[in-house]
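Note that the structure is a prediction, hence the values are computed from the model and not measured. Note that the numbering runs from 1 along the sequence shown for the chain.
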Amino acid sequence: MFDELKEYKVSDYLLFTDDGLKGSEYGGEIEYDNGYGLSVVRHESSYGGKQGLFEIMLTRNGNPYSLPPITHEYDTVKGFLTKEQVKETLDTVKDLPATV
């Protein structure tokens, strides 16, 4: 779905119960050379998952990280994102200056 992400299987307990969403679960992650990474999910408990939308979590040097406007202030995740918004976020994170 997102070419550059390493996809993984979503845990069975997070699978959608709605027949219209079953099979559309998603889990993927990437770490960039600049020290930042992004996890992208869509499942029963993700923010926006039941609406077919995605949730992201930003990381910095492997740890959850808050960086507005990528995530909300004091929060490492942001939900209710369309596929296009996730792609834009991937480009933004990829272009961030390297961390120390």
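At distances below 3.5 Å, at least one donor-acceptor pair connects side-chain atoms of T82 with backbone N or O atoms of Q85. Checking side-chain atoms of T71 against main-chain N and O of T76 turns up no donor-acceptor pair under 3.5 Å. When atom types are taken as modelled, the side chain of N34 and the backbone of L96 share a donor-acceptor pair closer than 3.5 angstrom. Between the side chain of S66 and the backbone N or O of H72, at least one donor-acceptor pair lies under 3.5 Å.
Between E4 atom CD and K87 atom NZ the span is 10.0 Å, to the nearest 0.5 Å. One finds the OG1 atom of T92 at 12.0 Å from the NZ atom of K94 (value rounded to the nearest 0.5 Å). Considering CG of L67 and CG of D75, their distance stands at 12.5 Å, rounded to 0.5 Å.
If you chain together hydrophobic residues whose side chains sit under 4.5 Å apart, M1 and I56 fall into the same group. Linking ILVMFWY side-chain heavy atoms closer than 4.5 Å, directly or via other members, places L5 and V93 in a single hydrophobic cluster.
The environment of NZ in K9 is crowded: more than 12 heavy-atom neighbours from other residues, nucleotides or ligands sit within 6.0 Å. Within a 6.0 Å radius of CG in D33, no more than 12 heavy atoms belonging to other residues, nucleotides or ligands are found. The local environment of CG in D91 is crowded, with over 12 non-hydrogen atoms from other residues, nucleotides or ligands closer than 6.0 Å.
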Notebook entry, point to check: When you look at L38 and T59, which way does the side chain to side chain contact (heavy atoms under 4.5 Å, CB included) test go after all the steps?
Noted result: CA-CA 6 Å; L38 206 62; T59 61; over 6 Å; no

Next item on the list: Evaluate the criterion side chain to side chain contact (heavy atoms under 4.5 Å, CB included) for residue pair L53 and L81; output intermediate values, then yes/no.
Entry: CA-CA 5 Å; L53 300 172; L81 300 172; 5.8 Å; no

Notebook entry, point to check: Can you list the steps and then say if I30 with L90 is a side chain to side chain contact (heavy atoms under 4.5 Å, CB included)?
Noted result: CA-CA 9 Å; I30 190 166; L90 286 165; 4.1 Å; yes

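Smallest separation of non-hydrogen atoms from V41 and G27: CG1-CA, 4.3 Å. In terms of heavy atoms, E55 sits closest to S46 at OE1-CA, 3.4 Å.
Pairs passing the ring pair (Phe, Tyr, Trp, His ring centres under 6.0 Å) check and including a residue from residues 12-61, sequence neighbours excluded, read F2-Y26, F2-F54. Residue pairs that meet the salt bridge (charged side-chain N to carboxylate O under 4.0 Å, His left out) test with at least one member in residues 22-32, sequence neighbours left out, are D19-K22. Applying the salt bridge (charged side-chain N to carboxylate O under 4.0 Å, His left out) test to residues at least two apart or on different chains, the pairs with a partner in residues 35-48 are E44-K50.
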